[in-house]
Chemist: 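I have a structure I would like to understand better, so I am pasting it below and will then ask my questions one at a time.
We name chains A, B, ... by the order of the sequence lines, and we start the count at 1 in each one. Any value given below was found using the heavy atoms of this structure, including those in side chains, with hydrogens, waters and symmetry copies removed.
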There are 2 protein chains.
Amino acid sequence: MSKPSRRSRGTVTVQDVARVAGVSAMTVSRVVNGGTNVRETTREAVLAAIAQLNYSPNSAARSLAAGDATQIGLLYSNPSAAYLSQFLIGALAAARRAGCHLVLEACESERPDEQAEATRSFASTSVEGVILPPPLSEAAPVRAELEAAGIPWVSVAMGLPPARSLNVRIDDFEGAAAMTRHLLDLGHRRIGFIRGNPNQTSSAERYRGFAAALEEAGIDVKSAPVEQGYFTFRSGIVAAERLLDRADPPTAIFASNDDMAAAAVGVAHRRGLHVPQDLSVVGFDDTSLATTVWPELTTVRQPISTMAEEALALLLARIRSHRSSETDKLEDQVLDHELIVRESSAPPKGTAPARAGGGRRGAGATSNPGLR
Amino acid sequence: MSKPSRRSRGTVTVQDVARVAGVSAMTVSRVVNGGTNVRETTREAVLAAIAQLNYSPNSAARSLAAGDATQIGLLYSNPSAAYLSQFLIGALAAARRAGCHLVLEACESERPDEQAEATRSFASTSVEGVILPPPLSEAAPVRAELEAAGIPWVSVAMGLPPARSLNVRIDDFEGAAAMTRHLLDLGHRRIGFIRGNPNQTSSAERYRGFAAALEEAGIDVKSAPVEQGYFTFRSGIVAAERLLDRADPPTAIFASNDDMAAAAVGVAHRRGLHVPQDLSVVGFDDTSLATTVWPELTTVRQPISTMAEEALALLLARIRSHRSSETDKLEDQVLDHELIVRESSAPPKGTAPARAGGGRRGAGATSNPGLR
DNA sequence: AACCGATACGCAACCGGTTTCATGTCGATT
DNA sequence: AATCGACATGAAACCGGTTGCGTATCGGTT
């Protein structure tokens with residue numbers, strides 16, 4: 001109490017807790033962490049002391065001592081802003097729990113050399129692993145650069161991940177199939193489809209799911225109106241225009257993501273079509289855009305935040321196991337998706353003029369699929 | 001080289017650099033930081049060693065030793081997703097530079113007790129300061145709770161901050177005035193205005209700016225069509241409908257943010273009005289939504305990322321000065337805004353059938369305002 | 001030439017936990 | 001009853017950088 005010099009910065013330390021609990025700092029540490037090999041009575045004493053002193057461990061000291069101080073890189077491009085914020089929130093929460101720093105790096109460009117450049121900047125920052133949300137998860141230059149630098153990475157939301165890689169995703173095929181069945185159940189037979197950007201495998205998977213469900217219902221896939229989109233709102237406008245310009249326009253449009261679905265709604269409105277009475281429009285991802293527009297979009301939910309958390313956990317496990325030279329099991333984690341039915345989908349117009357329950361018998365066999 | 005035990009985790013340390021440079025660790029530290037009192041030749045030697053070894057300081061050790069390990073809280077509500085992601089990116093970058101952790105906490109509710117609860121959870125997490133992006137920057141329960149806990153905070157994007165508080169914002173009044181002048185310059189005389197949520201002072205400031213510019217041009221503010229909005233897309237739809245339902249509808253709509261402007265564009269389209277030929281629509285904030293919709297929105301740019309960085313810096317300065325019990329100067333930082341003219345604004349229909357330059361002489365005096 | 005303050009730089013302790021390893025205890029085995 | 005291993009716990013070194021303070025060096029005075 002005489003000359004606290006620079007110690008006693010006001011924070012309570014393990015030492016304080018140890019003193020109060022009548023044990024050593026070591027034991028406190030054991031209780032706070034795993035908690036193995038500590039007698040129950042001792043544990044309680046320590047816990048009581050912790051509560052009494054309102055102790056919370058200093059994360060800097062912890063990472064320093066444990067050698068955990070990991071920097072995780074997050075290379076982001078410009079996916080829909082809604083997607084990114086969701087993703088960041090999840091990643092940040094997980095990073096804090098794991099006690100590691102998140103290092104962001106933007107990579108808006110699509111030019112291979114610039115992508116490589118952005119990636120290289122990570123190698124020099126002593127980043128120990130990188131998270132790749134879409135669409136960068138499939139950017140070849142990025143992956144090549146990471147491979148060369150020997151930095152592990154985890155890709156998020158790929159449609160069809162290559163073997164021997166870390167992945168977190170949903171089942172795009174099943175998600176798209178479930179959505180298609182939903183539209184079929186409502187009675188739709190001419191369903192227009194807007195594909196996603198071909199530079200992402202999820203686009204192909206979603207289309208495959210759509211096609212499979214159609215086939216399942218005995219509809220010739222070749223007859224289905226399909227237009228190419230690129231996941232952007234703008235591309236959705238063009239695709240939707242083309243779809244509705246057809247001689248025999250669809251009664252429902254299934255866009256490969258919410259941005260394009262929102263665009264389709266806009267196009268429909270501009271043409272005087274009411275959604276969902278005159279045209280059903282459904283999306284994919286359930287970003288905040290889906291509930292922003294009017295009417296709210298029926299869509300397939302992707303647990304974006306959770307996926308980010310999962311991705312970080314996977315990557316961290318990989319890094320730690322690599323350190324202790326364990327055999328790292330390469331994982332491909334598939335999370336549950338969910339069909340979210342909102343206001344933008346309804347039975348097609350001709351089906352049943354009756355107010356309620358119209359069109360229910362459209363496709364009896366495949367009722368309520370994909371919902372758990 | 002015999003028994004590295006747990007040392008030599010592969011990272012290069014100050015010691016390594018010191019050895020190579022032929023100095024002590026102390027000197028290396030001095031060079032890396034401020035760099036005071038180091039001879040030029042020595043500094044170069046150290047720098048060379050750093051480059052050669054590709055040394056990068058361990059941030060955990062640094063914060064531990066310097067006692068800087070600061071946890072900064074970020075309490076977010078659901079502003080437009082586009083806003084949040086921009087904000088997070090800026091905050092994260094600044095946090096990393098400053099070597100402090102960002103602790104996120106969601107607070108979606110508008111109920112005072114739940115807001116207070118969310119805030120309290122920070123007090124127990126030993127968060128040393130809190131960043132409050134809108135709309136929480138003005139939430140009374142949050143501020144009261146923070147005040148009670150003695151935790152400093154900085155509010156972002158308030159319209160009219162109270163005295164004695166930390167703030168980062170733009171000049172909403174001037175921004176709105178500049179935008180209004182832009183519309184006046186184009187020749188518009190009946191400009192509809194959609195107000196923002198009254199629970200944020202920026203709403204009032206933006207309206208004031210609008211009114212001032214109108215008055216400046218000799219237009220009676222009372223005659224201007226004004227509708228109440230709440231910053232949400234949904235509220236923008238309602239307000240725009242009302243505006244266009246008027247007997248004497250406006251030739252331009254100035255919405256208090258981009259979300260509502262996007263909604264207004266949608267409404268216009270649904271009514272068969274072309275933007276900007278039949279109706280100009282402009283927004284505020286320049287979130288990514290502004291460039292997502294078609295046509296792209298003329299808007300007032302708010303440097304969101306920079307504001308987040310600035311907010312963190314301000315807060316950190318406050319905390320550090322508080323520690324060393326300096327007199328903390330309370331700051332209210334006003335950043336530059338910028339008028340961004342895109343495709344959604346044009347001269348009103350009747351103005352000039354001529355192809356180019358139509359309506360330019362509408363309001364000669366106030367040409368090109370707000371642009372620097 | 002002796003003196004002096006300023007400037008350059010190093011030594012050792014320290015930040016707050018964690019790992020390593022040694023020690024003490026106790027019930028179960030032979 | 002002596003032995004042994006699993007369990008519980010503590011002492012000391014350590015993680016990598018920084019602060020406090022002491023020493024050496026240098027240029028300029030008188």
Chemist: Report the distance from atom CG of Leu64(B) to atom P of dT18(D), rounded to the nearest whole Å.
Modeler: 11 Å

Chemist: For the pair Ser24(B) and Thr27(B), evaluate side chain to side chain contact (heavy atoms under 4.5 Å, CB included) and give the outcome as yes or no after the intermediate values.
Modeler: CA-CA 5 Å; Ser24(B) 79; Thr27(B) 306; 3.5 Å; yes

Chemist: Short of 4.0 Å, heavy atom to strand atom, which residues of residues 38-54 of chain B count as contacting DNA chain C?
Modeler: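 Hits under 4.0 Å, by residue number: Val38(B), Arg39(B), Thr42(B).
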
Chemist: Under 4.0 Å, heavy atom to any atom of DNA chain C: which of residues 22-29 of chain A qualify?
Modeler: Met26(A), Ser29(A)

Chemist: Start with the C-alpha distance between Ile319(B) and Ile72(B), add both sets of side-chain angles, then the distance that settles side chain to side chain contact (heavy atoms under 4.5 Å, CB included), and finish with yes or no.
Modeler: CA-CA 10 Å; Ile319(B) 290 170; Ile72(B) 296 295; 3.7 Å; yes

Chemist: Counting only pairs under 3.5 Å, give me each side-chain donor-acceptor contact of residues 130-152 of chain B, with atom names and distances, residues two or more places apart or in other chains.
Modeler:
from, atom 1, to, atom 2, distance (Å)
Ser137(B), OG, Val156(B), O, 3.3
Glu138(B), OE1, Thr201(B), N, 2.9
Glu138(B), OE1, Thr201(B), OG1, 3.2
Glu138(B), OE2, Thr201(B), N, 2.9
Glu138(B), OE2, Thr201(B), OG1, 2.8
Arg143(B), NH1, Ser137(B), O, 2.6
Glu145(B), OE1, Arg120(B), NH1, 3.3
Glu145(B), OE2, Arg120(B), NH1, 3.0

Chemist: Compare every heavy atom of Ala91(B) with every heavy atom of Leu102(B), then report the nearest pair and how far apart it is.
Modeler: CD2-CB, 3.8 Å

Chemist: Would Val28(A) and Val23(A) count as a side chain to side chain contact (heavy atoms under 4.5 Å, CB included) here? Give the steps.
Modeler: CA-CA 7 Å; Val28(A) 175; Val23(A) 297; 4.0 Å; yes

Chemist: One pair to check against side chain to side chain contact (heavy atoms under 4.5 Å, CB included): Val12(B) and Asn54(B). What are the steps and the verdict?
Modeler: CA-CA 8 Å; Val12(B) 308; Asn54(B) 190 24; over 6 Å; no

Chemist: So if I take every side-chain heavy atom of Asn58(B) and compare against dC7(D), dG17(D), dG17(C), which nucleotide ends up nearest?
Modeler: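 Selected nucleotide (nearest to the side chain): dG17(D).
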
Chemist: Using 0.5 Å steps for rounding, measure from the CG atom of Asp332(B) to the CG atom of Leu314(B).
Modeler: 9.0 Å

Chemist: Closest to the Asn33(A) side chain: dC7(D), dT18(C), dG16(C)?
Modeler: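 Nearest to the side chain of Asn33(A) among the choices is dT18(C).
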
Chemist: Quick check against the 3.5 Å criterion: does Ser305(A) have a side-chain atom that pairs as donor or acceptor with the backbone of Gln86(A)?
Modeler: yes

Chemist: Establish whether the base of dG10(D) is bridged to the side chain of Arg30(A) by a donor-acceptor pair shorter than 3.5 Å.
Modeler: yes

Chemist: Quick one: Arg62(B) CZ to dC15(D) P, roughly how many Å, whole number?
Modeler: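 In whole Å, dC15(D) P and Arg62(B) CZ are 19 Å from each other.
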
Chemist: Whole-Å distance between dG16(D) P and Arg19(B) CZ?
Modeler: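 Result: 12 Å.
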
Chemist: Given dA8(D), is OP1 or OP2 found less than 4.0 Å from the side-chain N or O atoms of Asn37(A)?
Modeler: yes

